[in-house]
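Below is one structure, written out as structure tokens; the observations come after it.
Heavy atoms only: backbone and side chains are in, while hydrogens, waters and symmetry mates are out.
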Amino acid sequence: MAQHFEDISIDDILSVAEREHEAHSRFVQVLCINGEEGIDLVYSYQKTADQGYVVHNYRVHGVKPETHIPSVTKFYLVAFPFENEAHDLFGVQVDDIAIDFKGGFYKVAMDKPMTVISPAQKAAREKAAKLAAAKAAKAAKAAQEAASKTEAAAGEGAQAAPAIDWGAERAKVEAKCANLDADKAAKIMAAFEAKMKKAQAEAAKAADVKPAVDWGAERTKVEAKCANLPEDKAAKVMAAFEAKVRAAQGDASAKGGE
């Protein structure tokens, strides 16, 4: 039996369910996976016999505890056990379930039991978070120093405007986006990145120098790209990126010492 996988956003859940319902597909399941960045949801639908019983799996990545998702029971009533299970065992907030047990579908000894991780997993995640924070801080510091040099060159002979701390500005925007849905947060972050690049390009143009590369932002993009890759391939991509960063920083240091 053939299977296909496709990544979708939370905003696509209902439109996909409606499309599959109109195509007379059979609802199979909603699968929950406790991932590194939240709960991953997989909605599975099976095509009809004339379409070879192909199963289409639609994946929603990184659903946070505070994020609300729509119920598909308006199209597939049989989905209600899966959505109640997602709520009781994984803490997923599902709105408008046709038959909603309000947290009483399962009798459990603790809240969200399927999100419990081992001490080793917890330690690994905390270590990864600390390393990511340290890298981001280092990248932000480098970006600030580069921006300061660029703006100082642009203002030579006149009083230079204070350098913008883009690392701090990014942290503020990310904090603002923390409680927003994924699509809206992505749009706000994209607008911020565009604003930052424009400002740095303008400063560089005035100083007739190349704008400093925001390696923190570049690393975030690469890590996001690696999230859906096999572990060995992701490791190679990250290693190539780190080598690129070291080479670029080495070139910058050499030019600065000339």
Side-chain angles (χ1 to χ4, degrees), residues 7 9-11 36-38 60-64 66-67 125 128-229 234 237-258:
D7 292 338
S9 69
I10 292 174
D11 292 338
E36 294 290 331
E37 299 179 1
V60 180
H61 291 284
V63 176
K64 307 298 183 184
E66 67 275 7
T67 303
R125 290 186 183 185
K130 289 179 180 178
L131 288 173
K135 288 180 179 179
K138 184 177 180 180
K141 181 179 179 181
Q144 183 180 2
E145 291 175 349
S148 297
K149 292 178 181 179
T150 299
E151 294 186 13
E156 187 176 359
Q159 184 176 1
I164 297 175
D165 185 346
W166 290 109
E169 293 300 313
R170 177 180 287 103
K172 292 178 184 177
V173 176
E174 289 175 344
K176 179 181 177 182
C177 291
N179 295 321
L180 301 177
D181 61 71
D183 286 346
K184 190 171 183 179
K187 291 178 181 178
I188 292 176
M189 286 304 302
F192 169 78
E193 296 293 343
K195 177 182 177 182
M196 179 185 68
K197 288 179 180 178
K198 181 179 179 182
Q200 291 178 335
E202 289 176 350
K205 184 177 180 181
D208 194 27
V209 296
K210 293 183 178 180
V213 178
D214 185 345
W215 291 111
E218 293 301 313
R219 179 176 284 102
T220 299
K221 293 177 184 177
V222 176
E223 289 174 344
K225 179 180 177 182
C226 290
N228 296 320
L229 297 178
V237 173
M238 285 304 302
F241 171 77
E242 296 295 346
K244 180 179 178 182
V245 173
R246 288 193 296 270
Q249 292 177 339
D251 289 344
S253 298
K255 290 180 180 178
E258 289 178 355

**Report entry** Test side chain to side chain contact (heavy atoms under 4.5 Å, CB included) applied to E169 and M196, step by step
**Finding:** CA-CA 9 Å; E169 293 300 313; M196 179 185 68; over 6 Å; no
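For the pair V60 and S9, the tightest heavy-atom approach, listed with the atom from each and the gap, is CG2-O, 4.3 Å.
R219 has its side chain within reach of E223: a pair of non-hydrogen atoms, C-beta onward, lies under 4.5 Å apart.
Environment of CD in E242: crowded, with over 12 heavy atoms of neighbouring residues, nucleotides or ligands closer than 6.0 Å.
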